[in-house]
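Along the sequence shown, residues carry numbers from 1. Just so we're clear, the structure is a prediction, and the values are computed from it rather than from any experiment.
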Amino acid sequence: MSRIAIFAGALGFWLSVASAVGIILSPLGFRLGLWGYAFALSVVLKYATYAALAGLALCIVGLILSKLATPPISVGRAVAGLIISGLFAG
């Protein structure tokens, strides 16, 4: 069960980092002329928000499973992913 908790926390962290990059690149790509306004809002921003919500859910699952594990495991990535996802999903 601890391997699942570590995997969920790490995957949630990396999803939250990817969503943060996507949310930052959405208006930046429009300003640089890489894509249009409709693509920036309807595709890039939408899927980056979905990734942030998925990362948030996985970090919560990782935190819950890590507290249930017999030897307590580190939850640093899960907490960092929770903070990043919470900021960018909001």
Side-chain angles (χ1 to χ4, degrees):
M1 172 133 53
S2 64
R3 292 180 70 195
I4 296 172
I6 293 171
F7 181 73
L11 184 61
F13 173 75
W14 289 112
L15 267 175
S16 65
V17 168
S19 72
V21 169
I23 289 172
I24 291 170
L25 284 181
S26 176
L28 188 63
F30 169 68
R31 288 287 185 186
L32 293 175
L34 298 175
W35 47 69
Y37 181 73
F39 182 78
L41 284 180
S42 66
V43 177
V44 179
L45 194 61
K46 179 174 74 171
Y47 289 116
T49 306
Y50 288 158
L53 291 173
L56 185 71
L58 278 171
C59 286
I60 290 171
V61 167
L63 283 173
I64 291 171
L65 290 178
S66 68
K67 293 301 176 187
L68 295 176
T70 304
I73 57 175
S74 176
V75 293
R77 271 194 204 157
V79 171
L82 191 68
I83 292 170
I84 294 169
S85 294
L87 289 174
F88 283 99

Distance-minimising heavy-atom pair for Val44 and Ser26: CG1-CB, 3.7 Å
Shortest non-hydrogen contact between Gly36 and Phe30, atoms and distance: C-CD1, 3.7 Å
Closest non-hydrogen atom pair between Ala89 and Ala52, with its separation: CB-CB, 3.9 Å
Shared hydrophobic cluster, Phe7 / Phe13 (ILVMFWY, side-chain heavy atoms < 4.5 Å): no
Straight-line distance of Ser66 OG to Leu68 CG, nearest 0.5 Å: 8.0 Å
Joint cluster assignment, Ile60 & Leu87, ILVMFWY side-chain distance < 4.5 Å: yes
Atom pair CG/OG of Leu45 and Ser19 - distance to nearest 0.5 Å: 10.5 Å
Same apolar cluster (I L V M F W Y, side chains within < 4.5 Å links), Leu15/Ile24: no
Gap separating the NZ atom of Lys46 from the CZ atom of Phe39, nearest 0.5 angstrom: 10.5 Å
Leu58 CG to Leu65 CG distance, which is reported to the nearest 0.5 Å: 10.5 Å
Minimum-distance pair of heavy atoms, taken over all atoms of Gly9 and Ala78: CA-CB, 4.0 Å
Point-to-point distance, once rounded to the nearest 0.5 Å, from CG of Leu28 to CD1 of Ile23: 13.5 Å
Trp35 reachable from Tyr50 in the ILVMFWY side-chain graph, under 4.5 Å edges: yes
Side-chain touch Val17/Trp14, heavy atoms, less than 4.5 angstrom: yes
Leu25 CG to Leu32 CG distance, which is reported to the nearest 0.5 Å: 9.0 Å
Co-membership, hydrophobic cluster, residues Tyr47 and Leu53, 4.5 Å side-chain: no
